Q: 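Please find one structure pasted underneath; my questions will follow.
Nothing here was measured: the structure is a model prediction, and the numbers come from that model.
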Amino acid sequence: MFTLTERLSISASTTDTFATIDLGSYVDVGDRQALQVHSVDFIFQGTAPGDDLVSDIGNGHEVSVQVTDLNRGGLVFADDRSLVASARLAVDGQGGLYNEFDLYPDNYGKGSDDGRYVVNDQLYITGFSTNVTSGQAINVTIRVNASIVSLTAKDFMAIAIQSTAADN
């Protein structure tokens, strides 16, 4: 197992922010290799690593982040088949931080057969905040724990078809 890491820096209020994790080195169609995602963690930080996150978001606001295996161009509902992981951090009116019920952290199990298989060449990250204090940013680090697996031709095709069907 290894970890893929990407940081998303959200610097504008009510605007989607995007990033990608390139999987081209891990997914190989010819060899039927897929990326097996075991877990996804989200780490929320302010403009600088030690900054107060509440002052960068502001009271009464929230930040949402999602990882998908298809480019949806924005946040998706939880029933979207392309959704790999999702997190939401809310700040109440008194400055308290809350993690709303969501897929966070996403843990697909510890067995060798447990996980979310990805056969696409990228993971797409979308972030959205209802507020970002002027001149500040909300940084979200996404840590994807994964491994490379070889699938049977039947399994690889089933996942590829499901991924294509999810695109429609």
Side-chain angles (χ1 to χ4, degrees), residues 1-12 15-51 53 56 62-89 99-129 132 137-152 155-167:
M1 191 162 19
F2 56 92
T3 302
L4 301 170
T5 304
E6 183 66 32
R7 182 169 49 132
L8 182 70
S9 186
I10 303 169
S11 58
T15 303
D16 288 330
T17 304
F18 303 99
T20 59
I21 298 175
D22 184 14
L23 303 179
S25 299
Y26 309 106
V27 175
D28 185 344
V29 175
D31 289 335
R32 298 183 315 273
Q33 287 182 334
L35 186 77
Q36 183 180 14
V37 176
H38 298 283
S39 65
V40 179
D41 295 311
F42 298 89
I43 303 164
F44 294 87
Q45 295 176 295
T47 305
D51 283 359
L53 185 60
D56 290 345
E62 60 186 43
V63 180
S64 298
V65 181
Q66 293 181 335
V67 178
T68 59
D69 65 358
L70 294 171
N71 186 1
R72 295 294 198 209
L75 297 175
V76 299
F77 285 104
D79 66 343
D80 192 304
R81 290 185 201 181
S82 71
L83 185 62
V84 175
S86 180
R88 178 174 287 147
L89 183 71
N99 180 26
E100 291 186 1
F101 289 105
D102 213 341
L103 300 171
Y104 170 80
D106 295 321
N107 188 344
Y108 294 102
K110 302 207 183 297
S112 62
D113 291 334
D114 295 331
R116 165 73 152 74
Y117 296 102
V118 176
V119 296
N120 296 334
D121 59 355
Q122 291 194 54
L123 289 175
Y124 299 89
I125 303 166
T126 303
F128 181 89
S129 180
V132 178
I138 301 160
N139 288 287
V140 184
T141 301
I142 297 92
R143 297 177 51 88
V144 179
N145 296 308
S147 58
I148 299 170
V149 294
S150 293
L151 302 172
T152 65
D155 288 342
F156 190 89
M157 286 305 296
I159 292 169
I161 290 169
Q162 178 181 346
S163 179
T164 302
D167 197 19

Q: Do Val132 and Ile10 touch side chain to side chain, with heavy atoms closer than 4.5 Å?
A: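 Answer yes - side chains close enough.
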Q: Work out which heavy atom in Phe42 is nearest to a heavy atom in Ala87; give both atom names and the distance.
A: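 In this case the closest contact between Phe42 and Ala87 is CD1-CB, 3.4 Å.
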Q: Tell me the closest heavy-atom pair linking Thr17 and Ser9, and the distance in Å.
A: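 Scanning both residues completely, I find the closest heavy atoms to be CG2-O, 3.5 Å.
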Q: Has Phe2 got more than 12 heavy atoms of other residues, nucleotides or ligands less than 6.0 Å from its CZ?
A: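 It does: Phe2 CZ has more than 12 such atoms within range.
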Q: Once rounded to the nearest 0.5 Å, what's the spacing between atom CD of Gln45 and atom CD1 of Ile43?
A: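 Taking CD in Gln45 and CD1 in Ile43, the distance rounds to 6.5 Å.
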Q: Run the side-chain contact (heavy atoms from CB on, under 4.5 Å) test against Ser147 and tell me which residues pass, sequence neighbours left out.
A: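 side-chain contact (heavy atoms from CB on, under 4.5 Å) list for Ser147, sorted by chain: Gln36, His38, Val149.
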Q: Measure the shortest side-chain to side-chain distance between Val140 and Leu89 over non-hydrogen atoms and say whether it is less than 4.5 angstrom.
A: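 A side-chain contact is absent here, since even the closest heavy-atom pair is not under 4.5 Å.
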Q: Return the CD1 to CG distance between Ile142 and Leu4, rounded to the nearest 0.5 Å.
A: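 If I round to the nearest 0.5 Å, the distance is 11.5 Å.
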Q: When you measure from the side chain of Thr68 to the backbone N and O of Leu70, does any donor-acceptor pair fall under 3.5 Å?
A: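 Looks like yes, one N/O pair under 3.5 Å.
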Q: Would you say Ile138 and Leu53 make side-chain contact, with heavy atoms under 4.5 Å?
A: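 Sidechains of Leu53 and Ile138: in contact.
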Q: Write down the atom of Leu83, the atom of Ala78, and the distance for their closest heavy-atom approach.
A: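 Leu83 and Ala78 have their closest heavy atoms at CD2-CA, 3.8 Å.
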Q: Would you compute the distance between atom CZ of Arg7 and atom CG of Asn139 and round it to the nearest 0.5 angstrom?
A: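 Reported to 0.5 Å precision, the distance equals 4.5 Å.
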Q: List the atom of Leu151, the atom of Ile159, and the distance in Å for their closest heavy-atom pair.
A: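 Shortest heavy-atom contact: CD1-CD1, 3.7 Å.
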Q: Looking at every non-hydrogen atom in both residues, tell me the closest pair between Gly74 and Gln66 and how far apart they are.
A: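 Nearest heavy atoms, Gly74 then Gln66: O-OE1, 4.5 Å.
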Q: Establish, from distance only, whether the side-chain atoms of Arg88 and Ser64 form a donor-acceptor pair under 3.5 Å.
A: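 Yes - a donor-acceptor pair under 3.5 Å links their side chains.
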Q: Keeping the roles fixed (side chain from Asp69, backbone from Leu123), state whether a donor-acceptor pair exists under 3.5 Å.
A: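 Absent.
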Q: Nearest 0.5 Å please: distance from the CD1 atom of Ile125 over to the CD1 atom of Ile21.
A: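 One finds 4.0 Å between CD1 of Ile125 and CD1 of Ile21.
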Q: Working to the nearest 0.5 angstrom, can you tell me the gap between Thr15 OG1 and Phe128 CZ?
A: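 Between atom OG1 of Thr15 and atom CZ of Phe128 there are 7.0 Å.
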Q: Looking only at non-hydrogen atoms, find the nearest pair between Arg32 and Thr152 and report the distance.
A: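 Arg32 and Thr152 have their closest heavy atoms at NE-C, 3.5 Å.
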Q: Where do Arg72 and Thr126 land on the side-chain contact (heavy atoms from CB on, under 4.5 Å) test, with the steps shown first?
A: CA-CA 9 Å; Arg72 295 294 198 209; Thr126 303; over 6 Å; no
Q: Check whether the side chains of Thr47 and Asp56 place a donor and an acceptor atom closer than 3.5 Å, and report yes or no.
A: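 There is such a pair between these side chains.
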Q: Evaluate the criterion side-chain contact (heavy atoms from CB on, under 4.5 Å) for residue pair Thr20 and Asn71; output intermediate values, then yes/no.
A: CA-CA 9 Å; Thr20 59; Asn71 186 1; over 6 Å; no
Q: Rounded to the nearest 0.5 Å, what separates atom CG in Asn145 from atom OG1 in Thr3?
A: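 Result: 4.0 Å between the selected atoms.
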Q: List the atom pairs, with distances to 0.1 Å, where a side-chain N or O of residues 24-31 and a protein N or O form a donor-acceptor pair under 3.5 Å, not counting sequence neighbours.
A:
| unit_1 | atom_1 | unit_2 | atom_2 | d |
| --- | --- | --- | --- | --- |
| Asp28 | OD1 | Gly30 | N | 3.0 |
| Asp28 | OD1 | Asp31 | N | 3.4 |

